[in-house]
Novice: 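Handing you this structure, nothing more for now.
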Amino acid sequence: MLKITNTLTGNKEPFGPLTPPKVKMYVCGPTVYDDIHIGNARSAVNFDVIRKYLAFSGFQVTYVMNITDIDDRIIKKAIDEKREYSEVAATYTKAYFDVIEKLGIQKADIHPKATEYIAEMIGLISGLIEKGHAYVVPSTDLGKDVLFDSPTFKSYGKLSGKNLEELQEGARVEKNETKKNPTDFVLWKASKPGEPQWDSPWGKGRPGWHIECSSMVRKLLGDSIDIHGGGIDLIFPHHENEIAQCEAFTEKPYVKYWLHNGFIEISGQKMSKSLGNIWKAKDALKDFRPEVLRYFFLSAHYRSGLNYDREILEANMRGWEEFNQTFQRIEEALTAPHSDAAVMDLLELRLAIDEVETKFKEAMDDDFNTPKAIAALFDLARETRRVLSQSARVTPGAKSLLAEVLEKLNLLGGLLGIVTTERASAPKEVEELAQARVELKKEKKFKEADEIRARVLAMGFTIEDVQGGHFRILPKK
RNA sequence: GGCGGCAUACCCAAGUGGUUAAGGGAGCGGUCUGCAAAACCGCGAUUCGGCGGUUCAAAUCCGCCUGCCGCCUCCA
């Protein structure tokens, strides 16, 4: 039984979608004004795994992730770079999908762009005005603003656990003369001359931030959906405001389960432009394999913070390498001739194979506990390596078990996206040198053999001796 | 000031009432080896930030304290 921690209730609840086996899932995607950083990447990976696990569990998931392609920061960038805002958005949308693809993140079923849903937004805003939840105020020469009247939505604050009085007393709520209440927020923003603009009943303007998600959710998934996700920082005000807009208008529950992922910190500090410690995903991908980054992201629970430090990531990578080595070693054993004479103890491996999927599911069913799920995979991998070390050539019985291991680890590890299909392969020349070295060793010409090893090392490869006069070539560490 | 989260071995990180406190990294000891590396085996928290309380039983529940962090303004 899958359980999910729901931010709305603060509890871990059994997961029951509105219309099983269908699951409607929406996650707040990027605002395409710059390259995404590893925090964005972590979020995308977390929800990718959640989406895949739901599908693995038999649910029919419809997954929507938006692209915010109109926003103040995009406009600012466009002005700074003297380009059209749409060019800026297109540039970073492309960059986003490039990173997503590299990270092995399955595309959402739909990636709607905000600017393609302006009509739906205007419709929703008009409806809110008619129902008395929004009001129009004069703004620029080109048009008027529309603001949400927060006290008219009586459960405002239910997601973030805030109430209107506290927010009004709070020192950090901005003063704004056009707002009737400090917690009111913009639904429609009048454009200034030269800014991107759309025609509306309130003149030339553009949508507020919160309204786009609400509009796209309703248009693409319906009034009520099962899962809505995003970063922990979006709880307030973004998701709170989405609830207010939608529920005030539809008078139906907007989202059943709210999921929020924790932040990545850089050496204990929040990533921010002002601190200058932004680590872009595309740069991370230059230094680390995508599977390693995914392994790192999934090494902590998605709700927790994740501290990044180069040493921590590199320590994670060493564990990941050993895990992935297992695949290559199994493949080697499977392709090598078998041995009927080998004495092998396979009992523990049999047990490990039988329980791995159960342990994996138990972990994932507990609010997508990926660290625990990974531990289950590592248990099987360790047991497999133990068996492999018993004999260079394995028995036919061992081969069939190893094939099962491969299947399980590929299935479950593949779901997490932490398995690499890349195998260490060396140039033919290196292979030949290594083979020649075997002969030299047989003739006890160790000095020559060591010279070959040194030469190969200079070429970027390490030769490791394996039992029975065999060898393995690995990239230099 | 309001709301929320976290504190588990040298490091990362699961565990949220009851058998030996997962897993990974690093370390140490051993086996193997021409050497090296790898591999494999073994070792490692009598204890879970501190102090009280509840309970037959707590890392796990409650209270207080200390420390760190996030949100309340754009933010994954």
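Worth knowing before you read on, the calculation uses all heavy atoms, side chains too, and leaves out hydrogens, waters and symmetry mates. Just so it is clear: chains get the letters A, B, ... in the order the sequence lines come, proteins before strands, and each one is counted from 1. Predicted model, so just to flag it, every value in this text is computed and none were measured.
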Novice: When rounded to the nearest Å, what value does the distance between C1' atoms of B/C68 and B/G50 take?
Specialist: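 Each nucleotide's C1' atom is 15 Å from the other's.
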Novice: Would you confirm whether the ring centroid of A/His37 sits within less than 6.0 angstrom of the ring centroid of A/Trp279?
Specialist: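 When the ring centroids of A/Trp279 and A/His37 are compared, they turn out to be at least 6.0 Å apart.
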Novice: Between the side-chain atoms of A/Asp450 and the base atoms of B/G34, is any donor-acceptor pair under 3.5 Å?
Specialist: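 Answer yes: a donor N or O sits under 3.5 Å from an acceptor.
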Novice: Measuring from the side chain of A/Arg453 (C-beta onward, heavy atoms only), which nucleotide among B/G34, B/C35, B/A14 has the closest atom?
Specialist: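 Taking heavy atoms from C-beta onward, the closest nucleotide is B/C35.
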Novice: How would you list all residue pairs meeting salt bridge (Lys or Arg N to Asp or Glu O under 4.0 Å) that involve residues 452-461 of chain A, not counting sequence neighbours?
Specialist: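 Listed once each, the pairs are A/Asp450-A/Arg453.
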Novice: Is there side-chain contact between A/Leu298 and A/Val45, with heavy atoms separated by less than 4.5 Å?
Specialist: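 In short, these two side chains touch, coming nearer than 4.5 Å.
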Novice: Hey, does the side chain of A/Asn307 come within less than 4.0 Å of B/C12's phosphate (OP1/OP2), counting only N and O?
Specialist: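 For B/C12, OP1/OP2 do not have a side-chain N/O of A/Asn307 under 4.0 Å.
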Novice: Could you tell me whether the side chain of A/Asp465 has a donor or acceptor atom within less than 3.5 Å of a complementary atom in the base of B/C35?
Specialist: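 In this structure, the two groups form a donor-acceptor pair.
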Novice: Do A/Lys107 and A/Phe97 meet the cation-pi criteria used here (NZ or CZ under 6.0 Å from the six-membered ring centre, within 45° of the axis)?
Specialist: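 Relative to the ring axis of A/Phe97, which defines the angle, A/Lys107 lies inside both limits.
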Novice: Does the structure show a Watson-Crick or G-U wobble partner for B/C43, both distances under 3.5 Å? Name it, or say none.
Specialist: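 Here B/C43 is engaged in a pair, and the nucleotide opposite it is B/G27.
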Novice: Taking the six-membered ring for Trp, are A/His111 and A/Tyr96 parallel (under 30°), tilted (30 to 60°) or perpendicular (over 60°)?
Specialist: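 It falls in the perpendicular class, over 60°.
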Novice: May I ask you to verify if any side-chain N or O of A/Ser304 is less than 4.0 angstrom from the OP1 or OP2 atom of B/A14?
Specialist: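 Result: yes.
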Novice: Classify the ring geometry of A/Phe378 against A/Phe323: parallel below 30°, tilted from 30° to 60°, perpendicular beyond 60°.
Specialist: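 A/Phe378 vs A/Phe323 ring planes: parallel.
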Novice: Ignoring backbone atoms, test whether A/Arg382 places a side-chain nitrogen or oxygen under 4.0 Å from the OP1 or OP2 oxygen of B/G24.
Specialist: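 Looking at the OP1 and OP2 atoms of B/G24, one of them is under 4.0 Å from a side-chain N or O of A/Arg382.
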Novice: Among B/A76, B/G70, B/A13, which is the nearest nucleotide to the side chain of A/Lys270?
Specialist: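 That would be B/G70.
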Novice: Taking B/C12 as the reference, what is the distance to B/G29 when you measure between their C1' atoms (whole Å, please)?
Specialist: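 So the two C1' atoms sit 24 Å from each other.
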Novice: Rounded to whole angstrom units, what separation is found between the CG atom of A/Asp367 and the C1' atom of B/U16?
Specialist: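 In whole Å, B/U16 C1' and A/Asp367 CG are 13 Å from each other.
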Novice: State which of B/C71, B/A38, B/G15 makes the closest approach to the side chain of A/Glu464.
Specialist: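 The closest nucleotide is B/A38.
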Novice: A/Tyr33 or A/Ser299: which one's nearest nucleotide on RNA chain B is closer to the 5' end?
Specialist: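 The 5'-side residue here is A/Ser299.
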Novice: Suppose we define a pair by two distances each less than 3.5 Å, Watson-Crick or G-U wobble; what does B/G63 pair with here?
Specialist: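 B/C51 - that is the nucleotide pairing with B/G63, both distances being under 3.5 Å.
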Novice: Give the nucleotide from the list B/C11, B/C40, B/A76 with an atom nearest to the side chain of A/Ile312.
Specialist: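 Ranking B/C11, B/C40, B/A76 by closest atom to the A/Ile312 side chain puts B/C11 first.
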Novice: Any strand counts, and the cut-off is 3.5 Å on both contacts for Watson-Crick or G-U wobble. Which nucleotide pairs with B/G70?
Specialist: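 Answer to the pairing question: B/C3, which forms a Watson-Crick or G-U pair with B/G70.
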Novice: Please figure out whether A/Tyr295 or A/Pro30 has its closest RNA chain B nucleotide nearer the 5' end.
Specialist: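 Here A/Tyr295 is the residue nearer the 5' end.
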Novice: Output one letter per nucleotide in nucleotides 25-30 of chain B: B when a protein non-hydrogen atom lies under 4.0 Å from the base, S when only the sugar-phosphate is that close, - when neither is.
Specialist: SS----
Novice: Roughly how far, to the nearest 0.5 Å, is the OG atom of A/Ser57 from the NZ atom of A/Lys361?
Specialist: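 Between A/Lys361 NZ and A/Ser57 OG, I get 7.5 Å after rounding to 0.5 Å.
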Novice: Which one, B/A13, B/C69, B/A76, comes nearest to the side chain of A/Pro371?
Specialist: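 Side chain of A/Pro371 sits closest to B/A13.
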Novice: Go through B/G15, B/C40, B/A76 for me and flag the one nearest to the A/Ser389 side chain.
Specialist: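 It is B/C40.
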Novice: Looking only at side-chain atoms of A/Arg386, point me to the closest of B/G34, B/C41, B/C72.
Specialist: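 In terms of side-chain proximity for A/Arg386, the closest of B/G34, B/C41, B/C72 is B/C41.
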Novice: Using Watson-Crick or G-U wobble geometry with both distances below 3.5 Å, tell me the partner of B/A37, or none.
Specialist: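 In the structure as shown, B/A37 has no Watson-Crick or wobble partner.
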Novice: Among the nucleotides B/C69, B/C74, B/A14, which one has an atom lying closest to any side-chain atom of A/Asn369?
Specialist: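 Within the option list, the nearest is B/A14.
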Novice: Below 4.0 angstrom from OP1 or OP2 of B/C40, is there any side-chain N or O of A/Arg385?
Specialist: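 Yes, because at least one side-chain N or O of A/Arg385 sits under 4.0 Å from OP1 or OP2 of B/C40.
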Novice: Compute the centroid of each ring, for A/Tyr257 and then for A/Phe15, and state whether the two points are separated by less than 6.0 Å.
Specialist: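 So the answer is yes for these two rings.
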